[in-house]
> 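The structure follows.
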Amino acid sequence: MTKKRQSSKVFADRLTVLDPVAQRVIDTLITTANAQRAQLLKRYLPQLPALLMGRSINFKEKMSFYDDKLLPIDREQGEFLYMLLRSRGGQCAVEFGTSFGVSSIYLAAAIRDSQTGGRLIGTEMVAAKVVSARANIAAAGLSTYAEVREGDARLTLLNLACEVDFLLLDGWPTLAMDILRLVEPKLSNNAIVVLDNVGHFRGNLRSLTNYLKEDRRYIVSELPLHGGMIIAIFKKLCSQL
């Protein structure tokens, strides 16, 4: 009889794709993020009408407010990302918007468990978040499978040496299009592109979502996960193969 793998008991009995060590790190980070929700709601309340109407909002004022905010994907999204990357079996995954490393842990675990010898390249602009993300990834036992680059993603991802099999766009919505265009020439055939927060920031992400839907190289679906996620499969044209 096959034994069921034990899952973390911190929140409830539930199956999880992560090992107990990594799951404990995730549970701690999610608890911290949940405690920050009231501050975030207060922050966005004046812009709620624009958000509900799908308009663009301004992120430029007092950016330091976000320096200690996790702004993570939730557990369901993390497990979904794990499954996507694990099934893809990619050699190189790229993450725009590492923050404190929640999504990084799921993606690095998928790379480890798929045994491809691959690696996750994350990027984060806030120096303190880079330190925290590296520490959290290390605490989850996944440092071998992930690196976090510090600085503007338009620079840190400029000269990728690898062909990218998986791209997560979860950083500032105003930069997401720039990052896709930067990484796009490096996408492998059948690469998976994930765009998060399309429900929350539909106005800011409209040009990018339209681009993905209209470009015939992408097969696109939008899923109602947390803030809304677009999943796209990149198919190279015959002339690119």
> Would you kindly confirm whether L157 and L175 end up in one hydrophobic cluster when ILVMFWY residues are joined by side chain heavy atoms under 4.5 Å apart?
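Same hydrophobic cluster.
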
> If you draw the axis of the six-membered ring of Y106, does the NZ or CZ of R86 fall within 45° of it and under 6.0 Å from the ring centre?
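Not flagged: R86 not positioned over aromatic ring of Y106.
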
> Inspect the contact between K186 and E184 and indicate whether a charged nitrogen and a carboxylate oxygen are less than 4.0 angstrom apart.
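No, this pair does not count.
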
> How close do D165 and S188 get, counting heavy atoms only, and between which atoms?
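Nearest pair, atom of D165 first, then S188: OD1-OG, 2.8 Å.
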
> Check for me whether R43 meets the cation-pi criterion with F65, that is, NZ or CZ under 6.0 Å from the six-membered ring centre and within 45 degrees of the ring axis.
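The answer is yes; both the distance and angle limits are met.
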
> Nearest heavy-atom pair of T209 and L195: which atoms, and what distance?
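Between these two residues, the closest heavy atoms are CG2-CD2, 3.8 Å.
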
> When hydrophobic residues are tied together by side-chain contacts of less than 4.5 Å, even through go-betweens, does I233 share a cluster with M83?
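Each belongs to a different hydrophobic cluster.
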
> One thing to verify: whether R24 and D19 come together as a salt bridge, which I'm taking to mean a side-chain N less than 4.0 angstrom from a carboxylate O.
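Salt bridge: no.
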
> For residues V183 and I121: do they belong to one hydrophobic cluster (side chain heavy atoms under 4.5 Å, members Ile, Leu, Val, Met, Phe, Trp, Tyr)?
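Linked, V183 and I121 end up in one cluster.
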
> Report the C-alpha distance between E163 and K236 in whole Å, list the side-chain angles of each, state the deciding distance to 0.1 Å, and finish with yes or no for salt bridge (Lys or Arg N to Asp or Glu O under 4.0 Å).
CA-CA 13 Å; E163 192 173 44; K236 288 188 176 182; 3.2 Å; yes

> Might you point out which heavy atoms bring A108 and L120 nearest each other, and give the distance in Å?
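Looking at all heavy atoms of both residues, the shortest contact is N-CD2, 4.3 Å.
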
> Between W172 and Y66, is the ring centre distance below 6.0 Å?
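Centroid distance W172-Y66: below 6.0 Å, so yes.
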
> Tell me yes or no: between the side chains of E95 and T123, is some donor less than 3.5 Å from an acceptor?
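Not at all, the side chains of E95 and T123 share no donor-acceptor pair under 3.5 Å.
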
> If you round to the nearest 0.5 Å, how far is OG1 of T156 from CZ of F96?
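Between atom CZ of F96 and atom OG1 of T156 there are 9.0 Å.
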
> Would K213 pass as a cation-pi partner of Y211, given that its NZ or CZ must be under 6.0 Å from the six-membered ring centre and within 45 degrees of the axis?
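So K213 doesn't make the cation-pi contact.
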
> Centre-to-centre under 6.0 Å for Y218 and F234, is that the case here?
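Here the rings of F234 and Y218 have centres that are less than 6.0 Å from each other.
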
> With no hydrogens and no angle check, do the side chains of N189 and K235 hold a donor and an acceptor under 3.5 Å apart?
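Result is no, nothing qualifies.
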
> Give a yes or no on whether V130 and L155 share a hydrophobic cluster (residues Ile, Leu, Val, Met, Phe, Trp, Tyr; joining criterion: side-chain heavy atoms under 4.5 Å apart).
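In one cluster: no.
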
> Could you give me the CA-CA distance, side-chain angles and deciding distance for R134 and E124, then say whether salt bridge (Lys or Arg N to Asp or Glu O under 4.0 Å) is met?
CA-CA 11 Å; R134 289 171 178 166; E124 172 56 49; over 6 Å; no

> Within the structure provided, determine whether R216 and L237 are in side-chain contact (heavy-atom separation under 4.5 Å).
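Contact flag for R216/L237 side chains = yes.
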
> Check R75 with D27, please: is the shortest side-chain N to carboxylate O separation under 4.0 Å?
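Yes, this pair counts.
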
